[in-house]
Amino acid sequence: MTDTPLVIVVVGPTAVGKTKVAIQIAQQFQTEIISADSRQFYRQLQIGTAKPSPAELNLVKHHFIGNLDIEQDYNISKYEVEALQCADVLFKTHHSIVLVGGSGLYIDAFCKGIDVLPDPDLQLRSELKEKLINQGIESLRLDLKTLDPDYYATVDLANPNRIMRALEVILQTGTPYSQLRKQQKAPRSFKVCKIGLMLPREEIHDLINHRVDIMMRNGILKEAGQLFPHRHLNALNTVGYKELFSYLEGNIPLLKAKEAIKTNTRRYAKRQLTWFHKDKEIRWFSPFDLENIFNYIKEFD
RNA sequence: GGCGUCGUAGCUCAGUUGGUAGAGCAGAGGACUGAAAAUCCUUGUGUCACUGGUUCAACUCCAGUCGAUGCCA
């Protein structure tokens, strides 16, 4: 063990058991937990985001759970700043901290940093969205081709969000997006030990299906009903809620909505795995293999 | 028991006027820098139920068997 502070990162597909393992690690190393889960931030999203239970929150102090209102406009840059500040404070009294979550991009922002860009101009964003709807993606592509040919050459031209974001930055800053994307690691004062939790795909699917059944029993439908008036907020473009909104709008039967939640959660888990598999710093373990996880962390430190 | 319909990809089904087959869904793989539980891309070989027959050639026609289902008794 060195004097350099340590961030113990716990990642993995949804429902694999990150919450439990993170708590056990935090207890073992006598520290606290920072969440990196872009939906557990929102205090109104209770049942559908599989937040740690009150009992679990009692065992170990968690940060960034239920700290936002769904109306709040939030983004990864704000998270990077706030989470690093939180870590700095914790490092004054702790050698290590636990960072747990399923949002790969947020984990990366914390560990490596992201490029410095101005806060998004939401007015501009909605104008671009309108242009997409009225004039189609081709017109946005043409704009991008003119304003930033370098980025145009590498971006996924089928993905409207990518193109709109680039245009948004370019129009706001007057600088090509490709020039602003340095993609250099920001200096960090801590070491990062990445633990990936993994189970055979079939078991992950079973856990997901089971968890959705429990959410239904615990009243996610009622919660979705209360949130229904806010369904257009980004915070509610979330698996578990959007399918129930579709039911509440009368578009699909409840059983279909429930199945769609399971399907979309499975796909979410798959996307998470695609992201995390790319990260070669991650060492993979079964969520039940605590002994080896502890040993690996000690060795790493 | 009689008559009829059906049996094709994990599921729902299309199709082949006889030249060994294709959609949707599910699944799989991938991308990803301020919306990321978001957004987007790629991906379909399966004893065409089984056993025989006719044919140069059968998944397709014929017979039988098995299974499902409907109607009649």
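Chain A is the first sequence line, chain B the second, and so forth, proteins listed ahead of strands; every chain is numbered from 1.
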For nucleotides 25-31 of chain B, 5' to 3', base contacts (B), sugar-phosphate-only contacts (S) and non-contacts (-) with protein non-hydrogen atoms under 4.0 Å give -SSBBBB
Can the ring centres of A/Phe64 and A/Phe110 be said to be less than 6.0 Å apart?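 When the ring centroids of A/Phe64 and A/Phe110 are compared, they turn out to be at least 6.0 Å apart.
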Original post:
Is the distance between the ring centroids of A/Tyr74 and A/Tyr42 under 6.0 Å?
Top reply: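 Between A/Tyr42 and A/Tyr74, which both carry aromatic rings, the centre distance is not below 6.0 Å.
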Using the [atom1] atom as the point on both nucleotides, what is the distance between [M] and [N], in whole Å?
| N | M | atom1 | result |
| --- | --- | --- | --- |
| B/A49 | B/U60 | C1' | 15 Å |
| B/C25 | B/G44 | C1' | 12 Å |
| B/A28 | B/G19 | C1' | 33 Å |
| B/C61 | B/U55 | C1' | 10 Å |
| B/G7 | B/U65 | C1' | 13 Å |
| B/G27 | B/G53 | C1' | 40 Å |

Assign each of A/Arg181 and A/Gly240 the nucleotide of RNA chain B bearing its closest heavy atom; nearer the 5' end lies the nucleotide of A/Arg181
Walking RNA chain B from its 5' end, the first of A/Val169 and A/Asn264 to be reached, judged by nearest nucleotide, is A/Val169
At under 4.0 Å between heavy atoms, what does [X] touch on the DNA or RNA strands: base, sugar-phosphate, or nothing?
| X | result |
| --- | --- |
| A/Tyr42 | nothing |
| A/Gly48 | base |
| A/Asp108 | nothing |
| A/Tyr106 | sugar-phosphate |
| A/Val116 | base |
| A/Asn237 | sugar-phosphate |

From [atom1] of [X] over to [atom2] of [N], roughly how many Å is that when rounded to an integer?
| X | N | atom1 | atom2 | result |
| --- | --- | --- | --- | --- |
| A/Glu80 | B/A35 | CD | C1' | 17 Å |
| A/Asn75 | B/C32 | CG | C1' | 17 Å |
| A/Arg141 | B/C41 | CZ | P | 10 Å |

- Query: Could A/Arg181 and A/Tyr177 be counted as a cation-pi pair, given that NZ or CZ must be under 6.0 Å from the ring centre and within 45° of the axis?
  - Reply: yes
Side chains of A/Asp3 and A/His95: any donor to acceptor distance under 3.5 Å?
no
B/G34 glycosidic conformation (syn if within 90° of 0, otherwise anti) is syn
Taking a pair to mean Watson-Crick or G-U wobble geometry with both distances below 3.5 Å, B/C3 pairs with B/G70
When both distances are under 3.5 Å in a Watson-Crick or G-U wobble arrangement, the nucleotide paired with B/U47 is none
*asked:* Of the listed nucleotides (B/U33, B/A36, B/G34), which one gets closest to any side-chain atom of A/Ser103?
replied: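 Selected nucleotide (nearest to the side chain): B/A36.
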Per atom distances to the A/Pro160 side chain, the nearest of B/C40, B/G34, B/A38 is B/C40
Salt bridge [X]-[Y], side-chain N to carboxylate O under 4.0 Å:
| X | Y | result |
| --- | --- | --- |
| A/Lys18 | A/Asp37 | no |
| A/Arg231 | A/Glu249 | yes |
| A/Glu168 | A/Arg165 | yes |

(Q) I want to check one thing: is the phosphate of B/A35, taken as OP1 and OP2, less than 4.0 Å away from some side-chain N or O of A/Tyr79? (A) no
Next on the checklist: Strictly below 4.0 Å: does A/Asn234 bring a side-chain N or O up to OP1 or OP2 of B/A36?
Outcome noted: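 Yes, within the criterion.
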When every non-hydrogen atom of A/Glu243 is compared with those of A/Gly240, the smallest separation belongs to OE1-N, 2.7 Å
